[in-house]
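Every chain is numbered from 1 and lettered A, B, ... according to where its sequence line falls, protein lines coming before strand lines.
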2 protein chains.
Amino acid sequence: MEETDERKQGDVVDGPAESVTLIDVARVAGVAPMTVSRALHRPELVRSATQKRVLDAVRATGYVPNMLAGGLASSKSSLVAVLLPTIASSVFADTVQALMDGLTAARYQTLLGLTGYSAQREEELVEAILGRRPDGVVLAGTDHTDVTVERLTRAKIPVVEIWDLTDTPIDIVIGFSHEKLGEELARHLVKKGYRRFGVLTVDDPRALRRANSFIHELQRHDIDNVSFEIRLAPATVQVGREGASAVLEGSALEIIVCSSDTLAQGVLAEAASRGLQVPQDLAVMGFGDLSMAAHVYPALSTVRVDGGAIGARTAQALLERFASGDRAKDYLVRVDTGFTIVDRDSA
Amino acid sequence: MEETDERKQGDVVDGPAESVTLIDVARVAGVAPMTVSRALHRPELVRSATQKRVLDAVRATGYVPNMLAGGLASSKSSLVAVLLPTIASSVFADTVQALMDGLTAARYQTLLGLTGYSAQREEELVEAILGRRPDGVVLAGTDHTDVTVERLTRAKIPVVEIWDLTDTPIDIVIGFSHEKLGEELARHLVKKGYRRFGVLTVDDPRALRRANSFIHELQRHDIDNVSFEIRLAPATVQVGREGASAVLEGSALEIIVCSSDTLAQGVLAEAASRGLQVPQDLAVMGFGDLSMAAHVYPALSTVRVDGGAIGARTAQALLERFASGDRAKDYLVRVDTGFTIVDRDSA
DNA sequence: CTGTTAGCGCGTTCAT
DNA sequence: ATGAACGCGCTAACAG
């Protein structure tokens, strides 16, 4: 890392040095401050001639509205907080993109917080973030500390829990049931004739719930000897490969079910290095949204989730609430975005 | 998508309905509002007995400081804006993670904006975001509209341009030279004996600069017949695979240089489907930070960039500025984080 | 359609 | 170590 610090040349930018306020603009435009405010936010309430003079004054002065002041005065921040476990996990990428697209179009801005899969960290972040008086909060998952839930409830703003489903949401929940997914996947694979299963998962709470309900459903079909391996998050290809070794020890398996496409790729790599054909010798099941996986590994089966839909629906739900002025949430919304089992048949 | 809206059961949360203010806390604690403020922000200026009474009152009331009001009064928002082309491109994931880790530890919050590689969109976002009076701004790249640069300069706050290097930064720049990278890579590969090159890139500005300087340097070594293919961003594996087909048309190549690891994976897939051994029959060069690539494809060469270091260094630079009270930037900082050519030799 | 008054909740600056 | 007065920049609510 080469580093240089140098004196800056004497380049002074012309124009007003101090921050321009609404009052300055009003003075230049020859109107009252309130008229400037209106011209900017509710142009329909202002004569177009006045409107023009104001806009000219804004341009002339380089005025940038202070949203801290505006928010304080109006109790509306135009801010939405988004709390995710991590940004690394690409499963959330589409969701965030769609969510932000929707919010930005409606002139909302996004405050991002990273929880690292820790409910404790989420709790701290929620406290800090509520100080910003966001108009809404989006959280990944439904596992929160009691304090988090209480703070969120007291804030009396729309709260959306995503990428999961529950009968007792804080407010709005948009996602799918990880239990149902595990169950359906088990039934699907049993019906296809698989009997010797391996399960490889990281210790992310939602992944564990999928795995547990998967295994539980297998038991209902009298399949007990499942080779079960849990690794520490984050899920990387390397973890997948090492995990595959562990899972494959002992009895020969017909299929390994992974908690993510990334893990699955590691399993594929391990399979390849052992000379196993996928899916003939060993089938591999992933989970997620990594469109890459399907292209690179046509042999990989996966459970696909539409992260973009979750994000888009979340933005929509928030904007509806904002528009309706329902700052107090007096009805629940529960959207099941579902999932799709994408199966590469062994022939 | 199954959807349900249901009336909420009559669950009223106990505790104060309206927002608690500093004054309420002061009343409960039996002190002046100012003392509460101090107890919270500068505990060392308050007697520990008073301190305790205040904290008890805070807990009792469920008070959450209003940072809009605090920011307005103190002209300090504790907010850092981060503008990225996209969140999908995993190259930025490590950077954002490290940046936010550093900032969060210092109690700064992060406002995220997605520009979609559009300087115009960036300009609009900058305007909107400056209204929030952030204490600092982080931008990907150094290509901005004049208006963007002017607004940022006028804001008189630290501005960090990352993932690129320039002699004329707005303020701070932390990254590496894409031109130098292209040049060095060309020299490296020529020295290794390669002569028949293909280049596959997406139209992201920085990728194009790498590609152009790469090709230019090849020309200085009398290599002109480079098979050059530009595709529309975003870079996906699918694009990589299709692009590979295009690049491979015409004369046989010894190596294909890609603008990202993701594209490279598509090229690898295409190579495999043509029965080409990598790197013996065809070498493939990627770019980025996708640790996955190296594990899944040991045959893939790449130019590795330490995104985490960029993020960490950016946080550090910002925090230094904040601490020094240098709201007006009167010196330039230029950090070259460099890059590493990781070569899988053909034997 | 436009102006006036009042205050959002907090921190700065003095005084005590 | 603590308190009182003032204002940050803006908008709600009303008046005209």
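In this structure, the CZ atom of B:R132 is 17 Å from the P atom of D:dG9, given to the nearest Å. Across the protein-nucleic acid pair, A:R47 atom CZ and C:dT2 atom C1' stand 9 Å apart, rounded to whole Å. Straight-line distance from the NZ atom of B:K76 to the C1' atom of D:dG9: 19 Å, rounded to whole Å. Straight-line distance from the CG atom of A:L40 to the P atom of D:dT11: 8 Å, rounded to whole Å.
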- For nucleotides 6-16 of chain C, 5' to 3', base contacts (B), sugar-phosphate-only contacts (S) and non-contacts (-) with protein non-hydrogen atoms under 4.0 Å give -BBBBBB----

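The aromatic rings of B:F322 and B:Y108 sit parallel to each other, their planes meeting at less than 30°, with 60° as the upper class boundary.
In this structure, CD in A:Q97 is found 5.0 Å from OG1 in B:T86, a value given to the nearest 0.5 Å.
Minimum heavy-atom separation, A:A26 to A:V36: CA-CG2, 3.6 Å.
Checked by atom type and distance alone, the side chain of B:S77 pairs as donor or acceptor with a backbone atom of B:R133 at under 3.5 Å. Side chain of A:E161 to backbone of A:I170: a donor-acceptor contact under 3.5 angstrom is found.
Of the charged side-chain nitrogens involved, none lies within less than 4.0 Å of a carboxylate oxygen, so that A:R321 and A:D135 do not count as a salt-bridged pair.
Here A:T35 does not reach the OP1 or OP2 of C:dC1: none of its side-chain N or O atoms lies under 4.0 Å away.
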